[in-house]
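Quick caveat, the model's predicted, so the values are computed rather than measured. Both counts, for ligands and for their atoms, begin at 1 and track the order of listing. Positions are given from 1, in the same order as the sequence printed here.
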Amino acid sequence: MSNIAHDYIEDYIRQLIPEKPLNIKGLEKYASENNVPIIRPEVAQFLTVLIKACGVKRILEVGTAIGYSSIIMAQAAGEGCKIITIEKSDEMCEKALDNIREFGYEEKIEVVKGDAMDVLNNIQGSFDMVFLDAAKGHYDHFLPMCLEHLKINGILVSDNALFRGMVANNNLLVRRKITIVKRMRKYLKHISSMDELETSLLPLGDGVALSCKIKEVEHDAKD
Ligand SMILES: C[S@@+](CC[C@H](N)C(=O)[O-])C[C@H]1O[C@@H](n2cnc3c(N)ncnc32)[C@H](O)[C@@H]1O
């Protein structure tokens, strides 16, 4: 129960998603058995459609975990794609690198170890898509650096934007999540009101904010 869509809606959507190959199912099984949070099936399908429809080739991801979403996105983006994915946990980096090797995606996916706050400052190049899926309370801190790396008409996807429904409904809010929820609300307000972005918040999975960068962010002369 996600507290976002009714169970019957989620079940209905999920049974329409084509069955995944065994090696992808293996990653899902590992994540489930080891309590590693990965994107939900409907979000994986959404990213796949988005990447194919928009011809996305270069992707910057924050939050690799075991490499599941990177691998899903690499499969969708196909030949000539490049995904740079940032992960701060040594253990997760090792596991992601093993999985990426197993899929033969070493050329397509580069895992950068470190805290996104540091790594994002040193990333080179521009991207067609940025996928934010780490440190839910820090999306607003990552935002300026992510937008700097995003091309015009590029897409920013922020996962867990409704955070188990708590972002939209105080009755669902649990005390230890108050900071994350407050920060997520601030972030959503920010990306929804920026002149440089067009944003749509979708009640999909744990909530997905989909934004398109429509112009460059202007910096103050003093910056
Ligand atoms: C939800 S998981 C990512 C799941 C992955 N995107 C997937 O769907 O397969 C979030 C990951 O972000 C990492 N993380 C959290 N804060 C981070 C930070 N500040 N910089 C880099 N990685 C971070 C965590 O260690 C965790 O592995």
Q) Heavy atom under 4.0 Å from ligand 1: found in Thr64's side chain, backbone, both, or neither? A) backbone
(Q) At under 4.0 Å between heavy atoms, is it the side chain or the backbone of Glu61 that contacts ligand 1, or both, or neither? (A) side chain
I'd like to know whether ligand 1 has [X] as a neighbour, heavy-atom separation below 4.0 Å.
X      : value
Glu87  : yes
His138 : no
Ser70  : no

With heavy atoms of [X] as the reference, note each atom of ligand 1 found under 4.0 Å away.
X      : result
Ala116 : 18 (C), 19 (N), 20 (N), 21 (C)
Ala135 : 15 (C), 16 (N)
Ile39  : 7 (C), 8 (O)
Ser69  : 5 (C), 6 (N), 7 (C), 8 (O), 9 (O)
Gly114 : 20 (N), 21 (C)

Enumerate donor-acceptor pairs with a distance under 3.5 Å from any side-chain N or O in residues 102-116 to protein atoms, sequence neighbours excluded.
from, atom 1, to, atom 2, distance (Å)
Tyr105, OH, Gln75, NE2, 3.3
Asp115, OD1, Met117, N, 2.9

Q. When rounded to the nearest 0.5 angstrom, what is the spacing between CG in Asn23 and CD in Glu28?
A.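 Between Asn23 CG and Glu28 CD, I get 10.5 Å after rounding to 0.5 Å.
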Q) Charged N to carboxylate O under 4.0 angstrom, Asp98 versus Arg101? A)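 The answer is yes: the pair qualifies as a salt bridge.
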Q.
Can you give me the closest heavy-atom contact between Glu198 and Ile214, atom names plus distance?
A. OE1-CD1, 4.0 Å
Q) Going by the side-chain hydrogen bond (donor to acceptor under 3.5 Å, both in side chains) test, which pairs reach into residues 37-55, not counting sequence neighbours? A)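 For residues 37-55: Arg14-Glu42.
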Q) Hey, is ligand 1 close enough to Ala134 that some N/O pair sits below 3.5 Å? A)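 The answer is no, given that Ala134 and ligand 1 share no N or O pair closer than 3.5 Å.
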